[in-house]
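So the structure is just underneath, and the comments pick up after that.
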Amino acid sequence: MPELPEVECIARGLREGTQALPPLPGQRIVRASLRWQRHIAQPPPNTFRRRIRGRTILDVRRRGKFLVFPLDEGTMLIHLRMSGDLEMAPRGSPPGLYDRTVFFFEAPWELRFSDARKFGKVHLLSDPQDVLGALGPEPLDDGFTAKKFAARLAQYRRMLKPLLLDQHFIAGLGNIYVDESLHRAGIHPLRRSDSLQVDEVHALWRSIRASLRTGLRHNGASIDWVYRGGSFQNRFRVYQRAGKPCSRCITPIERIVVAQRGTYLCPRCQPEKAR
DNA sequence: CACGAGACCTGTTCGC
DNA sequence: TGCGAACAGGTCTCGT
């Protein structure tokens, strides 16, 4: 489900709390309930259970699509993958059907990791870099300049769509924001990374950042029943709009399959050109 | 190195 | 109405 903007919004919500829910930082974990042990990527579930007990969550951050929880001892990472969501809830309130991993706090609250498809992952690490170190740059960081992006693109001879989905290349983009960014830039998803002209690289760099920022401004995208609260789904240019008119030129949006992912594009605004 | 296929899971929607 | 196929915001591993 969630890509950079959605994960960022979830992190913010947990960090700041709401009128009804307290901020997550400061909460001390007294117990973790592991109802789907394969959620726990590392260490082994029994070790995880033992080490997480008594830890205090100090902050909630984001890196790529990971939620990062610095603890008083070590760091916990959560990846929501396709169907995951995290929600603070009052102790004793009716549990969700898909709650897989639940953290119970000293105060009368619990953090529920619900995940219908069970693809999500939880890590407990002494050095979070063991996992986060493999990620590519943050697209919204000041340090992520068009120049650096250009240099990175030139390192590969890959199709843009799978390259932009590759978290080692750039962190945080998923199927929605890649398609939206490519349309905004007017570039076909099958173009090779090393075939872009200078102005195209710049357009893509700008488009990626603009798409993510627009997503953030609308609190992310809420499709189906997972992740509520966002409204970016109402502003999709191409994603899941096959057959509908392109917002720029009226041409019907096309759906193709690239790297086993549904891929949406406007054949007129995103010509295939010289690949 | 780059790519496609298959796995991992469950739920919803579509077509006959 | 029923049933199987296709599809879903992600990522890993394997074979070519």
Side-chain angles (χ1 to χ4, degrees), chain A residues 1-11 35-42 62-67 77-86 96-101 113-123 130-132 134-136 139 152-182 189-195 208 211-212 214-216 218-243 255-264 275:
Chain A
M1 152 203 134
E3 306 178 29
L4 186 155
E6 291 77 32
V7 177
E8 178 68 33
C9 291
I10 290 170
R35 300 167 199 174
W36 176 254
Q37 296 212 337
R38 286 201 257 172
H39 250 179
I40 312 302
Q42 55 181 322
R62 178 196 61 74
R63 171 76 170 99
K65 298 175 194 169
F66 284 91
L67 285 147
L77 306 179
I78 293 186
H79 199 301
L80 302 170
R81 295 282 184 102
M82 292 289 265
S83 60
D85 199 2
L86 275 180
L97 189 53
Y98 307 113
D99 293 352
R100 311 290 187 195
T101 299
F113 182 2
S114 76
D115 186 13
R117 293 180 70 180
K118 302 177 172 173
F119 286 161
K121 292 291 170 205
V122 183
H123 304 249
D130 290 353
V131 170
L132 303 181
L135 295 177
R152 261 181 111 65
L153 280 174
Q155 278 180 249
Y156 300 90
R157 264 181 276 174
R158 294 173 58 185
M159 295 184 294
L160 282 175
K161 166 98 185 196
L163 182 62
L164 295 174
L165 286 173
D166 187 339
Q167 303 299 298
H168 306 289
F169 179 73
I170 185 169
L173 296 180
N175 214 28
I176 294 176
Y177 292 91
V178 167
D179 283 7
E180 294 295 307
S181 301
L182 286 167
L190 297 181
R191 291 279 303 280
R192 300 274 161 168
S193 53
D194 62 344
S195 79
I208 287 170
S211 301
L212 293 171
T214 306
L216 279 168
H218 297 279
N219 296 311
S222 307
I223 309 176
D224 298 339
W225 70 103
V226 207
Y227 183 75
R228 298 156 301 280
S231 60
F232 184 55
Q233 70 277 9
N234 301 320
R235 320 186 84 81
F236 288 163
R237 298 164 163 247
V238 290
Y239 187 75
Q240 288 191 344
R241 297 194 68 244
R255 178 186 188 274
I256 62 175
V257 174
V258 184
Q260 279 103 269
R261 311 299 303 274
T263 298
Y264 302 85
R275 302 214 319 259

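Protein chains get the first letters and strands the later ones, always in sequence-line order, with residue 1 at the start of each. What's counted below: heavy atoms across the whole structure, side chains too, no hydrogens, waters or symmetry copies.
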- Message: Using only atom types and a distance under 3.5 Å, with no angle test, would you say the side chain of A/S195 pairs donor to acceptor with the backbone of A/R191?
- Response: no
- A/N175 CG to C/dA8 C1', straight-line distance once rounded to whole Å: 9 Å
- Stem segments of DNA chain B by first residue number [Watson-Crick or G-U, under 3.5 Å, at least 3]: B:2-8 with C:10-16, B:10-16 with C:2-8
- Separation of the P atoms in C/dA5 and B/dG6, to the nearest angstrom: 15 Å
- Task: Any salt bridge (Lys or Arg N to Asp or Glu O under 4.0 Å) involving residues 163-175 of chain A? Give me the pairs, sequence neighbours left out, ordered by first then second residue.
- Result: A/R158-A/D166
- Query: Would you say A/R157 has more than 12 foreign heavy atoms packed within less than 6.0 Å of its CZ?
  - Reply: no
- Message: Before we go on, tell me: are the rings of A/Y98 and A/F113 under 6.0 Å apart, centre to centre?
- Response: no
- Hey, is the side chain of A/H79 poking within less than 4.0 Å of OP1 or OP2 on C/dG10, counting only N and O atoms? no
- Between C/dG10, C/dA8, C/dT11, which one does the side chain of A/E3 approach most closely? C/dG10
Show each protein N/O and nucleotides 14-16 of chain C N/O combination with a separation under 3.5 Å, one pair to a line.
none

- Query: Partners of A/S193 by side chain to side chain donor-acceptor pair (under 3.5 Å), sequence neighbours excluded?
  - Reply: none
- Task: State whether the side chain of A/R241 and the backbone N or O of A/R237 hold a donor-acceptor pair below 3.5 Å, judged by distance alone.
- Result: yes
- Message: Please check this pair: side chain of A/H168 against backbone of A/A134, looking for a donor-acceptor N/O pair closer than 3.5 Å.
- Response: yes
- Query: Closest to the A/R255 side chain: C/dT11, C/dG10, C/dC7?
  - Reply: C/dC7
- Query: So, A/K161 and A/D179, do they make that salt bridge, N to O below 4.0 Å?
  - Reply: yes
- Integer angstrom distance from the P of B/dA5 to that of C/dC7: 13 Å
- Task: For the pair A/Q260 (side chain) and A/V257 (backbone), establish whether a donor and an acceptor sit closer than 3.5 Å, ignoring hydrogens and angles.
- Result: no
- Note on the structure: To the nearest angstrom, the NE2-C1' distance between A/H168 and C/dT13 comes to 12 Å
- Could you run down nucleotides 8-16 of chain B 5' to 3' and tag each one B, S or - for protein heavy-atom contact under 4.0 Å? BBBS-----
- Provide, to the nearest angstrom, the distance between the NZ atom belonging to A/K121 and the C1' atom belonging to C/dG10. 11 Å
- Task: Would you indicate whether A/R63, at its atom CZ, is surrounded by more than 12 heavy atoms from other residues, nucleotides or ligands within a distance under 6.0 Å?
- Result: yes
- Let me know the distance between CG of A/D179 and C1' of C/dA8, rounded to the nearest Å. 14 Å
- Query: Does C/dA8 have OP1 or OP2 sitting under 4.0 Å from an N or O in the side chain of A/Y264?
  - Reply: yes
- Message: With no hydrogens and no angle check, just 3.5 Å: does a side-chain donor-acceptor pair link A/S83 and A/D115?
- Response: yes
- What integer distance in Å separates A/L163:CG from C/dT11:P? 14 Å
- Query: Between A/K161 (NZ) and C/dG10 (C1'), how many Å, whole number?
  - Reply: 12 Å
- Query: Is the backbone N or O of A/G136 less than 3.5 Å from a side-chain atom of A/Q167, with the two atoms forming a donor-acceptor pair by type?
  - Reply: no
- Item | Protein-nucleotide distance (A/L132, atom CG; C/dT11, atom C1'), rounded to Å | 15 Å
- Message: Between A/S114 and A/D99 (side chain of the first, backbone of the second, donor and acceptor by atom type, cut-off under 3.5 Å), is there such a pair?
- Response: no
- Item | Side-chain donor or acceptor of A/E6 paired with backbone N/O of A/A221 under 3.5 Å | yes
- Message: Strictly distance-based, threshold 3.5 Å: is any side-chain N or O of A/E3 a donor or acceptor partner for the main-chain N or O of A/L173?
- Response: no
- Query: For A/R63 and C/dG10, what is the distance between atoms CZ and P respectively, to the nearest whole Å?
  - Reply: 17 Å
- Query: When you match A/T263 and A/F66 each to their closest nucleotide on DNA chain C, which lands nearer the 5' end?
  - Reply: A/T263
- Letter by letter from the 5' end, nucleotides 1-7 of chain B scores (B base, S sugar-phosphate only, - none; protein heavy atoms under 4.0 Å) -SSSBB-
